[in-house]
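Quick notes on the structure that follows.
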Amino acid sequence: MPRSRREFLTYSSLGMLSAALEAASAQTPTQQPTPGAPPAFGTAPAAGPEVSSAAFAEAQKLVQVDLRPSDREEAAANWRMQMAPNYEFRVGPRKVALEETLAPATLWNPAQPGIVKQNNEPEKQASFVRSAGNEAPLPSSDDAIAYATVAQLSRWIESKALSSERLTNIYLDRLERFDPKLRCVITLTRDHALAQARQADEEIAAGHYRGPLHGIPWGAKDLLDTANIPTTYGAEPYRKRVPKTNSTVVARLDAAGAVLVAKLSLGALALNDVWFGGQTMNPWLLEEGSSGSSAGPGAAVSAGLVGFAMGSETEGSIVSPSMRCGVTGLRPTFGRVPRAGAMTLCWSLDKLGPMARSVEDTMLVLKAISGPDPGDLASMPGEISFRAGADVSGLRVGYFPGWMKETPATEVDRAALDAAKKLGMKLAEVSLPDWPYDCLNLILFSEAAAAFQELTLSRKVDQLRMQVPDAWPNVFRQSQFLSAVDFVQADRFRRKVAQEMARIFSQVDVLLVPSLRDEILTITNFTGHPALVLRAGFVQVSEARSDWAPDPKHPLPKFSPPRRVPHGVCLIGRLFEEGIIAQAGMALEAAFNVAGEHPPGF
């Protein structure tokens with residue numbers, strides 16, 4: 001009779017104990033091991049439930065292998081002695097607790113061996129040059145101040161034309177006023193923020209100016225630990241979770257003098273835009289979600305509720321909400337920003353990055369948060385080279401001709417190529433093999449299911465609001481049956497894909513691609529390349545957009561006439577060359593001249 005998972009755990013432990021007792025009682029002097037004989041597979045005490053050939057016949061459908069009946073019989077005969085004991089660390093009497101902060105022993109390194117500089121240029125001294133200050137007067141309207149860029153806000157604060165306390169109150173007021181429409185705030189940190197703002201004003205008045213983030217209010221995606229402030233992952237089982245220490249990124253932003261005003265929403269456990277408080281909405285089109293999983297950061301930055309926000313991306317979670325909400329998002333190179341104290345979804349894919357209202361803003365934030373940290377084994381050293389307003393003529397911009405002619409590319413994407421050419425950049429056609437890049441998701445699903453295995457097997461994952469087939473609960477359960485052999489094969493495929501990207505970047509400096517093209521979104525997340533999304537224009541949509549699989553029972557709203565919404569393009573750069581894509585992005589940003597328009601009603 002089939003047993004439940006809970007019954008399996010119980011019987012596994014009892015089975016091992018009884019098997020061990022049987023083996024001990026049956027031992028005879030003639031069965032003692034011969035001195036010097038090596039251990040052999042398949043000789044461990046029997047463990048786990050009985051497994052039949054029929055069980056293998058059913059299980060092979062899951063992993064798509066085809067065993068002969070005799071193969072299945074042989075596999076079943078010694079499964080309990082050869083394979084089941086390998087699960088002892090999880091279900092046996094000597095179960096080992098794996099701490100949430102424990103990373104895998106194998107680390108993903110996106111760099112290709114032997115490639116130091118892919119374009120054979122000599123190493124340059126790293127330098128970071130922000131744009132020169134201007135004499136723009138402080139607006140009389142609080143709303144106009146709220147929508148200013150960090151680059152501009154920092155100049156007003158540095159010159160004492162604007163106090164951090166006043167700016168913080170502007171954002172706190174807007175967060176309270178507009179959150180009922182957007183559902184982008186999980187925790188408003190009013191008292192904490194005002195204390196930080198007053199401290200910033202005191203330090204600046206005393207001549208201790210820490211830099212361009214000093215006194216700037218910001219919001220954190222609620223998977224970044226904040227000491228004594230709830231960090232909920234947007235998920236029901238973690239609603240009462242209150243960390244004792246700050247994540248590394250939060251600590252670094254504290255050191256830069258930034259002011260935390262809110263913990264912002266994310267799709268539960270970093271998937272899409274639905275959390276335990278509902279769905280976070282797009283300020284430009286309130287009938288649709290803001291996309292995810294950095295849903296709150298996208299909505300809050302777009303609606304002028306924070307100066308900037310911190311998001312995270314595993315496979316699209318900065319790019320997609322930045323695109324939909326019309327903000328600028330920077331997904332750094334894997335390893336550029338340490339993730340210590342951030343929720344782990346996938347050890348070899350997770351990245352933390354800024355979301356803001358201008359390209360330069362994202363670089364100002366990146367400089368403050370980057371650099372190695374002992375809490376993140378994948379974090380790497382590396383200086384950031386960036387020069388605001390640098391000449392981009394001669395920059396080699398690669399593009400995929402076929403992709404620019406078909407969905408999801410639009411006229412805005414094609415116009416971006418023309419704009420790059422007019423700026424003196426050199427366009428170059430590039431190509432990739434026609435491979436099944438989505439197969440790389442086997443790695444994502446495996447790592448994510450491992451990160452939340454306890455939540456899954458304890459059935460606490462059932463508490464999550466979204467229980468549709470494409471939500472985490474079902475994915476986590478399905479992933480328990482993925483093949484370990486195929487995981488290794490997918491990892492090898494990942495290296496092969498990385499080699500192809502190294503080949504492309506030996507020919508070009510930057511790639512300009514449709515932001516949500518599935519292949520490049522998947523490829524560059526798995527190869528670790530940095531991406532910059534910036535608003536490039538506007539398009540018309542006749543139907544609301546969703547991160548979720550279509551559900552005929554809940555059709556998406558349709559619009560007649562169509563609605564006007566922002567549309568962004570994506571620049572991909574070489575590993576650890578965020579400065580190059582930012583310089584190209586600033587030039588394009590000025591050429592597009594569309595970043596200043598704000599969502600109506602906010």
Handout entry: Trp472 side chain vs Leu269 backbone, donor-acceptor pair below 3.5 Å
Key = yes
Exercise for the section: Go through the steps to decide whether Asp547 and Ser291 satisfy the test side chain to side chain donor-acceptor pair (under 3.5 Å), and finish with yes or no. Expected result: CA-CA 6 Å; Asp547 293 7; Ser291 191; 3.0 Å; yes
Exercise for the section: Evaluate the side-chain proximity of Val261 to Leu188: yes if any heavy-atom separation is below 4.5 Å, no if none is. Expected result: no
Handout entry: Gly234 backbone acceptor or donor facing Thr232 side chain under 3.5 Å
Key = yes
Completion exercise
d(Arg252 CZ, Ser370 OG) to nearest 0.5 Å is 7.0 Å
Practice task
With the side chain counted from C-beta on, respond yes when Asp376 and Thr248 share a heavy-atom pair under 4.5 Å apart, and no when they do not.
Solution key: no
Exercise for the section: For Asp142, enumerate each residue passing the salt bridge (Lys or Arg N to Asp or Glu O under 4.0 Å) test, keeping only those at least two apart in sequence or located in another chain. Expected result: Arg166
Exercise for the section: Using atom types as modelled and distance alone, determine if a side-chain donor or acceptor of Arg198 lies under 3.5 Å from a backbone N or O of Glu165. Expected result: no
Practice task
Ignoring hydrogens and angles, tell me if any N or O in the side chain of Thr362 forms a donor-acceptor pair with the backbone of Val359 under 3.5 Å.
Solution key: yes
Handout entry: side-chain contact (heavy atoms from CB on, under 4.5 Å) between Arg465 and Trp275, intermediate numbers included
Key = CA-CA 7 Å; Arg465 186 185 185 106; Trp275 55 291; over 6 Å; no
Problem - Glu313 with Lys351: basic N within carboxylate O range, under 4.0 Å - result: no
Exercise for the section: Salt-bridge test for Arg535 and Glu597: reply yes if a basic N is under 4.0 Å from a carboxylate O, no otherwise. Expected result: no
Problem - From OG1 (Thr410) to CZ (Phe538), nearest 0.5 Å - result: 12.5 Å
Exercise for the section: Kindly give the heavy-atom pair with the smallest separation between Leu182 and Ala303, and that separation in Å. Expected result: CD1-CB, 3.8 Å
Practice task
May I ask you to decide if the ring planes of His208 and His214 are parallel, tilted or perpendicular, using 30° and 60° as cut-offs?
Solution key: perpendicular
Exercise for the section: Give a yes or no on whether the backbone of Ala151 and the side-chain of Arg130 come within a donor-acceptor separation of less than 3.5 Å. Expected result: yes
Handout entry: Of Asp222, Asp225, Asp179, the residue whose pairing with Lys263 passes salt bridge (Lys or Arg N to Asp or Glu O under 4.0 Å)
Key = Asp222
Handout entry: Side-chain ion pair, Arg155 and Glu158, N-O less than 4.0 Å
Key = yes
Exercise for the section: Fit a plane to each ring of Phe452 and Tyr238, take the angle between them on a 0 to 90° scale, and name the class: parallel (under 30°), tilted (30 to 60°) or perpendicular (over 60°). Expected result: perpendicular
